[in-house]
2 protein chains.
Amino acid sequence: MTDARIPVRSRPAIQARGEDTRRRILETALDLFAAHGYEGASTRQIAEGAGVNLPAIQYYFGNKEGLYRAIIEGIAADTDRHMASLAPRVRAALDAPDTPREELAALLCEMLETFVVLVTSGTQIESRRLIFARAEIEETPGLDVLHENGMRQIFNPCLGLLSRLHGKPATDQEMAVRTLALIGQVVIFCNNHKQPVLAGSGLDAESVRLMKVVVREHTDAICRAAVATSAK
Amino acid sequence: MTDARIPVRSRPAIQARGEDTRRRILETALDLFAAHGYEGASTRQIAEGAGVNLPAIQYYFGNKEGLYRAIIEGIAADTDRHMASLAPRVRAALDAPDTPREELAALLCEMLETFVVLVTSGTQIESRRLIFARAEIEETPGLDVLHENGMRQIFNPCLGLLSRLHGKPATDQEMAVRTLALIGQVVIFCNNHKQPVLAGSGLDAESVRLMKVVVREHTDAICRAAVATSAK
DNA sequence: GACATAGTATATCAGTCGATATAGTCGTCG
DNA sequence: CGACGACTATATCGACTGATATACTATGTC
């Protein structure tokens, strides 16, 4: 309704003091939203955790929803940045009519491996994973943005590659199901917030290495089977 | 704290009237908890949706947490029932030291296919899937029960089968990662609450058939690769 | 040094939450 | 019939929510 009075950066000078508290609010809010959900995390908790007073949230982000959207947009932007180098290569391979199947399969493997890196590295990755997982089940402001972003950056490229491997149109429902199953191998690693099956609480380097190896091997095996089937 | 005054069924007779409202509360609460989460769904919404008054929830389930636990336990019990026929066969195959690899692979495929059926059939399956997905990211009363149930019924059997296929101990972290990736293929179908990639909103018979076929083919391809690697 | 602006702090609003005290209705059995 | 227990309805409690009005401090410009 009101476009709020989000501070205009007319004075490009010293107000970096506010920039710092703004960042602190975002970090605290990310952790709390991830842990308790949009409705479960209160603005008072966030303000206290960030060491600021309550109206600061209103001051910097308009309202609770604005704060949430700011977090979502940050994650979406990071995803774009992370996929920036791979996306054009996939697009080029899909645009060319005669890309060999080995290259398509290799790109699909690389795609999923890059996805693994996305959900296992970066700052506050534990909370980002949870936000990412929530995007699939919760219906909160801005999460549709994140969902749409994942579709564009992850799902659609994988769908395109896999469809070409099978020699079927990407509009086939079967292709969507196959793509979802493929991606699910990685997405599940977003969920294990306290999974006892993975040593310790956080993801150590060894776990990440294993995840990449496993996802690559699985995807490779699935691609081989796909090519063998579509060739016969 | 208080063991509440949950009605004793001393009179086995006519109070089936209350049994009906109890069921209605459970059904409404399942939908609302699935849609808005434990903290997001209010007891007032639930009572209104079920067509009962607010204290009815306290009367039948002690408090909000009791209502939630009742739902979780119902889902866990259904899972047990659904896996009842397959579990002993898997156990027998794992106990026998000389079970052929083809049979282990076949059991693993059947395991995952049964899992697909579990998350795609039954009453209020849409909401049950969301509750299932929430169990992995939310930290609410009783969800540890559901999580432990999934570990026992799904994860551990798959881990055992896959470890034998690879000829490695089930305690290897690599085996846990491989099992998670396998299961993730199915779990992701719990998330697509409004996925545009699957036609329509609900899951039609065709989608379910495709999911079973795809999961079986993928698992089969992964098993072949596993056997080939461990044999060399 | 005075003024404007960025940013912070206190106090409080109305609304909603889960829970419960209290009173009432209904069928069943002695 | 009349009392008892299963069940339902009204009203309200204290706590907490998001939001905001208001006043304050600090900083840079003129």
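Sequence lines set the chain letters: A, B, ... in the order given, protein chains first and strands last, and positions in each chain run from 1.
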Review point. Of all the choices, D:dA6, C:dT8, D:dT10, which nucleotide is nearest to the side chain of B:Y59 once you look at every atom?
Key: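 Nearest to the side-chain atoms of B:Y59, counting from C-beta on, is D:dA6.
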**Study point:** Below 4.0 Å: OP1/OP2 of C:dA6 and any side-chain N or O of A:Y60
**Key:**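 The answer is no; no side-chain N or O of A:Y60 sits under 4.0 Å from OP1 or OP2.
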Check your understanding: Is B:T21 near enough to D:dT8 that one of its side-chain N or O atoms lies under 4.0 angstrom from OP1 or OP2?
Key ->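 Yes, within the criterion.
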Residues which pass side chain to side chain donor-acceptor pair (under 3.5 Å) with [X], listed by chain and number, not counting sequence neighbours:
| X | result |
| --- | --- |
| B:R134 | B:E138 |
| B:D144 | none |
| B:Q45 | none |
| A:R91 | none |

Point to revise | Inter- and intrachain pairs under side chain to side chain donor-acceptor pair (under 3.5 Å), touching residues 26-40 of chain B, at least two apart | key: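 For residues 26-40 of chain B, and leaving out neighbouring residues, the side chain to side chain donor-acceptor pair (under 3.5 Å) pairs sorted by first residue read B:R23-B:E27, B:D31-B:Q124, B:D31-B:S127.
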To the nearest angstrom, how far is [X] atom [atom1] from [N] atom [atom2]?
| X | N | atom1 | atom2 | result |
| --- | --- | --- | --- | --- |
| B:E48 | D:dT10 | CD | P | 13 Å |
| A:L67 | D:dG18 | CG | P | 11 Å |
| A:N53 | D:dA26 | CG | P | 14 Å |
| B:D20 | C:dC26 | CG | P | 18 Å |
| B:I25 | D:dA9 | CD1 | P | 11 Å |

Review point. Going by distance alone, is a donor N or O of one side chain under 3.5 Å from an acceptor N or O of the other, for B:N63 and B:Q58?
Key: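 No pair is found: no donor N or O on one side chain lies under 3.5 Å from an acceptor on the other.
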Can you name the atoms? Protein N/O to nucleotides 17-20 of chain C N/O, anything below 3.5 Å, with the distance.
| unit_1 | atom_1 | unit_2 | atom_2 | d |
| --- | --- | --- | --- | --- |
| C:dC17 | OP1 | B:S42 | OG | 3.3 |
| C:dG18 | OP1 | B:A41 | O | 3.4 |
| C:dG18 | OP1 | B:T43 | N | 3.3 |
| C:dG18 | OP1 | B:K64 | NZ | 2.6 |
| C:dG18 | OP2 | B:T43 | N | 2.8 |
| C:dG18 | OP2 | B:T43 | OG1 | 2.9 |
| C:dG18 | N7 | B:R44 | NH1 | 2.7 |
| C:dG18 | O6 | B:R44 | NH2 | 2.9 |
| C:dA19 | OP2 | B:K64 | N | 3.0 |
| C:dT20 | OP2 | B:Q58 | OE1 | 2.8 |
| C:dT20 | OP2 | B:Q58 | NE2 | 2.6 |

